[in-house]
Amino acid sequence: TTTGTTTGHVSSTVAPPLPVPNLISNGDFSTESLSPWSCKQATCQVIDKVLYITDRTAIWSGPRQDIPVEGFTNDDDLKVAFKFKIKSPEKITAKWKVKVTKSEETKYFTIHTVDVNIQEWESIFSKLTLPIFILGSDQVQLYLEVSPAEADISLDNISLKPEENENGDWEEEANQRIDVLRKRSVEIKFNLDAINLADVQIEIEQKNHKFPFGTAVKSTRIAECYDANEDDLYCEFVRDNFNWLVDTYRMKWKPMEPSEGNTVTEIADKMIAWAHSYEKTVRGHALLWSKRGNNPAWVQDLYGDELKTAIFNRVNFTVKHFEKYNVPHWDVINEMIDQGQENHTFYMDHTGDPEIREKVFKYAKELSPDTLLFVNDYGVIMNKHGRFPLYQQQIRELLAAGAPIDAIGLQSHMNGDEFVDVDTIKHHVDQLWEEFTLPIWVTEFDWNVKNDVDMGDHSYHAEQVENFYRLMFSHEAVHGILMWQLNILDETTDLPNKAGETYQRLYHQEWRSSQ
């Protein structure tokens, strides 16, 4: 607004920025009424601007509200900040979900999960990326599932707001960080006393990267190339485009020891020998896996000291065997976040020892002090189902118990209904780095492996690959990036698709020097 004074002086006042709209109406219940919320198979009452939900009979009993679909027009609109307060007289698990209807097709997505263990108000804040299926949808309904089904709950201050882009031109900022973090000046000296400079032409070619760009491999295929002493197209692509490898399967306990004392390492050994022949490094995945079903059949019904003996025998043999092959990393106990249909507490449950996890870390470190020991889990970078704070807390507890955790693994599997939300991913990597200052490795990146969405010509796939790599390569906390499923190759021809070509451009051209 411009105003004039009698002296002729003119001053200008800048209007304050408009508040970010809340996609949830009456989320603070300040109207003292329920509308526009509805309540299904429960009693919902607003008292003193708080929503009380009682008489619940199913996990989905409770409040729900349609949120406007008009504001969702592109990927950026799916980035939101979600806040709410929740309280219950008993321990509960609360899952916020969206029911999305588009062209007569209905899908359900969990957007946030939290365990509430106290009887006081708990304030929750999270950055989320809503599912891509929302774009172009006809109806989006937000609702809450709570277990146990009969638990009473109270809610207040619910907001779902579009996330303001704080990173500006994130690509330019990432490129600037890459220039500082990943490039070094090289001085080459020559003795030119006996050389006529007019006759000299110097060409410099970078042969490899110091930064680990890796991939998981099907070790059976690599072993076949090793035995044949000839590389097929699959092995050629791995050979020419990565400097670190990891075995997708053959170094895990289940295939390595199918029966007690019967250890099988031949295929993994050949894969490592092949990798070393091309001066590549192989990391270890995984000493143990926290879900019962991912352990050898003979292990799954062991209890107490019998299971402890089996665990420590497994760690002892595996660390010592692969130490001969200079394996520098191990994911110690894979996927310990206890969330999902199958629990992730098998070792604690069956040994009866709540300290078994930190004991395993300590034992592995005693066996091989120079080997870096990792935690490793999924759903963290995008806080899927609220897994980010669960990972944070797990790392805190393990470190407090003396577990020698050397590095943090972020699996980074992304479904086809997700996209690389730069702001959200960077926010979570920043938090892990600022709190723990431990090296962070992307251990298992892939996108749309299950073909949740049609790949088309892989153009959108290529965009996700480029955005993810540019962001992670630019972050000071990230010490290495490994792919998991190599779906940047055509599954029938083993030739790179558009996503593969994009990765090759980054690896061989943009992030490589030649003069």
Side-chain angles (χ1 to χ4, degrees), residues 75 132 171 174 178 182 206 208-209 211-222 224-225 231-250 271 274-275 278 280-283 285 376 378 381-382 409-422 425 441-475 478 480-512:
D75 290 354
I132 289 177
E171 291 183 62
I178 289 170
R182 309 304 182 192
Q206 180 180 335
N208 206 341
H209 289 272
F211 185 89
F213 289 101
T215 186
V217 294
K218 298 175 181 176
S219 53
T220 51
R221 295 198 62 178
I222 300 294
E224 289 171 0
C225 294
D231 294 338
D232 61 14
L233 288 176
Y234 176 86
C235 292
E236 283 181 4
F237 187 83
V238 172
R239 180 194 70 202
D240 295 341
N241 295 284
F242 303 97
N243 53 16
W244 277 63
L245 305 182
V246 64
D247 197 322
T248 60
Y249 184 63
R250 296 285 171 176
M271 182 272 290
W274 180 90
Y278 294 114
K280 302 183 189 302
T281 305
V282 177
R283 69 185 308 271
H285 175 82
N376 189 50
Y378 63 90
I381 59 170
M382 300 281 280
L410 300 175
Q411 289 191 7
S412 308
H413 300 290
M414 300 185 68
N415 296 333
D417 58 5
E418 298 171 320
F419 66 95
V420 176
D421 182 342
V422 170
I425 295 172
W441 283 63
V442 174
T443 54
E444 304 181 25
F445 167 70
D446 49 37
W447 182 81
N448 195 34
V449 167
K450 298 178 182 178
N451 290 317
D452 306 303
V453 297
D454 181 28
M455 284 290 198
D457 67 353
H458 289 270
S459 293
Y460 191 71
H461 183 192
E463 181 183 335
Q464 304 314 303
V465 168
E466 177 159 4
N467 288 348
F468 185 84
Y469 270 83
R470 191 174 305 281
L471 171 63
M472 291 306 199
F473 189 49
S474 76
H475 202 293
V478 177
I481 306 171
L482 283 86
M483 289 188 184
W484 195 250
Q485 297 288 352
L486 263 180
N487 65 344
I488 64 171
L489 294 182
D490 184 276
E491 60 184 8
T492 56
T493 66
D494 285 330
L495 295 173
N497 53 40
K498 280 191 176 180
E501 292 170 353
T502 293
Y503 170 77
Q504 288 179 303
R505 173 176 55 78
L506 296 174
Y507 182 77
H508 288 288
Q509 299 175 28
E510 183 171 343
W511 295 335
R512 192 177 292 238

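Reckoned from all heavy atoms, side chains included, excluding hydrogens, waters and symmetry mates.
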Peer 1: Is there a donor-acceptor pair under 3.5 Å between the side chain of T443 and the backbone N or O of W441?
Peer 2: no
Peer 1: Working to the nearest 0.5 angstrom, can you tell me the gap between R250 CZ and M271 CE?
Peer 2: 11.0 Å
Peer 1: Would N448 and H461 count as a side chain to side chain contact (heavy atoms under 4.5 Å, CB included) if you check the C-alpha gap in whole Å, the side-chain angles of each, and the deciding distance to 0.1 Å?
Peer 2: CA-CA 8 Å; N448 195 34; H461 183 192; over 6 Å; no
Peer 1: Residues two or more places apart in sequence or in another chain: which of them pass salt bridge (Lys or Arg N to Asp or Glu O under 4.0 Å) with D231?
Peer 2: R239
Peer 1: So which heavy atom on S474 is nearest to which on A174, and how close?
Peer 2: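 Scanning both residues, the minimum pair turns out to be CB-O, 3.4 Å.
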Peer 1: Do F237 and I488 pass the side chain to side chain contact (heavy atoms under 4.5 Å, CB included) test, and can you show the C-alpha distance, the side-chain angles, and the key distance before you say yes or no?
Peer 2: CA-CA 10 Å; F237 187 83; I488 64 171; 3.9 Å; yes
Peer 1: Mind checking ring-ring contact (aromatic ring centres under 6.0 Å, His included) for Y503 and listing every partner two or more places apart, or none if nothing turns up?
Peer 2: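 Listed in chain order: F242, Y469, Y507.
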Peer 1: Measure the spacing between CG of L245 and CE of M483 and express it to the nearest 0.5 Å.
Peer 2: 12.5 Å
Peer 1: Starting at NZ of K450, measure out to CG of N415 and round the result to the nearest 0.5 Å.
Peer 2: 6.5 Å
Peer 1: Do I381 and F468 come close enough that some side-chain heavy atom pair is under 4.5 Å?
Peer 2: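 In short, these two side chains touch, coming nearer than 4.5 Å.
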Peer 1: Just so I know, are the side chains of T502 and E463 near enough to count as touching, which here means a heavy-atom distance under 4.5 Å?
Peer 2: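 No; the side chains remain at least 4.5 Å from each other.
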Peer 1: Enter the distance from N208:CG to Q206:CD here, rounded to the nearest 0.5 Å.
Peer 2: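 Answer rounded to 0.5 Å: 7.5 Å.
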Peer 1: Less than 4.5 Å apart, side chain to side chain, heavy atoms only: is that true for V282 and V246?
Peer 2: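 No. Closest side-chain heavy atoms not under 4.5 Å.
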Peer 1: Indicate whether the side chain of N376 and that of E444 have a donor and an acceptor atom separated by less than 3.5 Å.
Peer 2: yes
Peer 1: Would you give the length of the straight line joining atom CH2 of W511 to atom CD1 of I178, rounded to the nearest 0.5 angstrom?
Peer 2: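 Answer rounded to 0.5 Å: 5.0 Å.
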Peer 1: Test of understanding: with salt bridge (Lys or Arg N to Asp or Glu O under 4.0 Å), list the residues that count as partners of D452, not counting sequence neighbours.
Peer 2: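 For D452 there are no salt bridge (Lys or Arg N to Asp or Glu O under 4.0 Å) partners, ignoring immediate neighbours.
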Peer 1: Answer yes or no: is there a side-chain heavy-atom contact under 4.5 Å between N243 and F211?
Peer 2: no
Peer 1: Please enumerate all residues that pass side-chain hydrogen bond (donor to acceptor under 3.5 Å, both in side chains) together with S219, with sequence neighbours excluded.
Peer 2: D247
Peer 1: Between F213 and F473, does the ring centre distance come in under 6.0 Å?
Peer 2: yes
Peer 1: Of all the heavy-atom pairs spanning C235 and I222, show the shortest one and how long it is.
Peer 2: SG-CD1, 3.8 Å
Peer 1: Between E466 and V420, is any pair of side-chain heavy atoms under 4.5 Å apart?
Peer 2: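 Contact flag for E466/V420 side chains = no.
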Peer 1: With rounding to the nearest 0.5 angstrom, report the CG to CH2 distance, L482 to W244.
Peer 2: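 The CH2 atom of W244 is 8.0 Å from CG of L482, to the nearest 0.5 Å.
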Peer 1: Can you list the residues that meet the ring-ring contact (aromatic ring centres under 6.0 Å, His included) rule with Y278, with sequence neighbours excluded?
Peer 2: W274
Peer 1: What heavy-atom pair brings I132 and G416 nearest, and what distance separates the two atoms?
Peer 2: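 So the minimum-distance heavy-atom pair works out to CD1-O, 4.1 Å.
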Peer 1: Counting only N and O atoms by type, is there a donor-acceptor contact under 3.5 Å from the side chain of R470 to the main-chain atoms of E171?
Peer 2: no
Peer 1: For Q485 and T248, what are the C-alpha separation, side-chain angles and deciding distance, and is it a side chain to side chain contact (heavy atoms under 4.5 Å, CB included)?
Peer 2: CA-CA 9 Å; Q485 297 288 352; T248 60; 5.7 Å; no
Peer 1: Show me the pairs that pass salt bridge (charged side-chain N to carboxylate O under 4.0 Å, His left out) and involve residues 485-504, at least two apart or across chains.
Peer 2: R221-D494, D457-K498
Peer 1: Would you call Y234 and K218 a side-chain contact if the rule is heavy atoms closer than 4.5 Å?
Peer 2: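 A side-chain contact under 4.5 Å exists here.
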Peer 1: Are the side chains of H209 and R182 in touch, meaning some heavy atoms are under 4.5 Å apart?
Peer 2: no
Peer 1: What verdict does the side chain to side chain contact (heavy atoms under 4.5 Å, CB included) test give for W447 and V453, after you've listed the backbone C-alpha separation in whole Å, the side-chain angles of each residue and the deciding distance to 0.1 Å?
Peer 2: CA-CA 10 Å; W447 182 81; V453 297; 4.0 Å; yes
Peer 1: Using modelled atom types only, decide if a donor and an acceptor are shared between the side chain of N497 and the backbone of N487 within a distance under 3.5 Å.
Peer 2: yes
